[in-house]
Amino acid sequence: MTAPTTTDRARIVSEISAALHDVLDYDLPELTEDSRLFDELGLDSTGVFEMLMRLEESLDIEFDTDSLEMAHFASVGSLTDFIAAETGARG
């Protein structure tokens with residue numbers, strides 16, 4: 001599989017940002033791929049579940065929960081990488 005295009009990555013990051021805004025219900029700082037979901041943004045396990053449901057709907061995918069690992073949620077970038085792999089986003 002090839003790496004996702006810049007457009008694919010930007011769309012995924014945008015969807016993550018929107019889902020985080022909805023789940024956390026406060027104005028987020030400007031997100032980068034280095035933004036840490038738990039440490040910086042205050043995401044918790046309940047928030048992860050809600051965020052994944054929103055991402056499934058907005059990206060029209062279904063996550064394989066057996067493949068989810070905590071490392072996928074370290075940062076916006078690591079979550080983007082995981083989603084890109086799950087969606088088969090490619091250039």
Just how far is it from atom [atom1] of [X] to atom [atom2] of [Y], taken to the nearest 0.5 Å?
X	Y	atom1	atom2	result
Ile12	Thr7	CD1	OG1	11.0 Å
Asp81	Arg9	CG	CZ	4.5 Å
Leu79	His72	CG	NE2	9.0 Å
Thr32	Glu40	OG1	CD	7.0 Å

task: Could you tell me how the ring of Phe38 sits relative to the ring of Phe73: parallel (under 30°), tilted (30 to 60°) or perpendicular (over 60°)?
output: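 Rings of Phe38 and Phe73: perpendicular, over 60°.
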Note to self: Has Ser75 got a side-chain atom pairing as donor or acceptor with Arg36's backbone, closer than 3.5 angstrom?
What the structure shows: no
message: Please check this pair: side chain of Thr80 against backbone of Val76, looking for a donor-acceptor N/O pair closer than 3.5 Å.
response: yes
Are [X] and [Y] packed together at the side-chain level, in the sense that at least one heavy-atom pair is separated by less than 4.5 angstrom?
X	Y	answer
Glu50	Met53	no
Thr87	Asp8	no
Ser67	Glu86	yes
Leu41	Tyr26	yes
Asp22	Met51	no

Next on the checklist: Consider side-chain contact (heavy atoms from CB on, under 4.5 Å). Of Leu59, Ile16, Ile83, which one does Arg11 pass it with?
Outcome noted: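 Passing option: Leu59.
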Within a 6.0 Å radius of atom CG on Asp60, are there more than 12 heavy atoms belonging to other residues, nucleotides or ligands?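 No, because the 6.0 Å sphere around CG of Asp60 holds 12 heavy atoms or fewer from other groups.
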- Item | Within 6.0 Å of CD in Glu57, more than 12 heavy atoms from elsewhere |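 Atom CD in Glu57 is not packed in, count stays at 12 or less.
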Practice item. Taking all non-hydrogen atoms of both residues into account, name the closest pair between Ser78 and Ala71 and its distance. Key: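 Where Ser78 meets Ala71 most closely, the heavy atoms are OG-O, 3.3 Å.
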Of all heavy-atom pairs linking Leu28 and Leu31, the shortest is CD1-CD1, 4.2 Å
- Listed by chain and number, what are the side-chain hydrogen bond (donor to acceptor under 3.5 Å, both in side chains) partners of Ser58, not counting sequence neighbours?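 side-chain hydrogen bond (donor to acceptor under 3.5 Å, both in side chains) list for Ser58, sorted by chain: Glu15.
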Practice item. May I have the step-by-step check of side chain to side chain contact (heavy atoms under 4.5 Å, CB included) for Leu20 and Ser17, ending in yes or no? Key: CA-CA 5 Å; Leu20 283 168; Ser17 178; 5.8 Å; no
### Joint cluster assignment, Phe49 & Val23, ILVMFWY side-chain distance < 4.5 Å
no
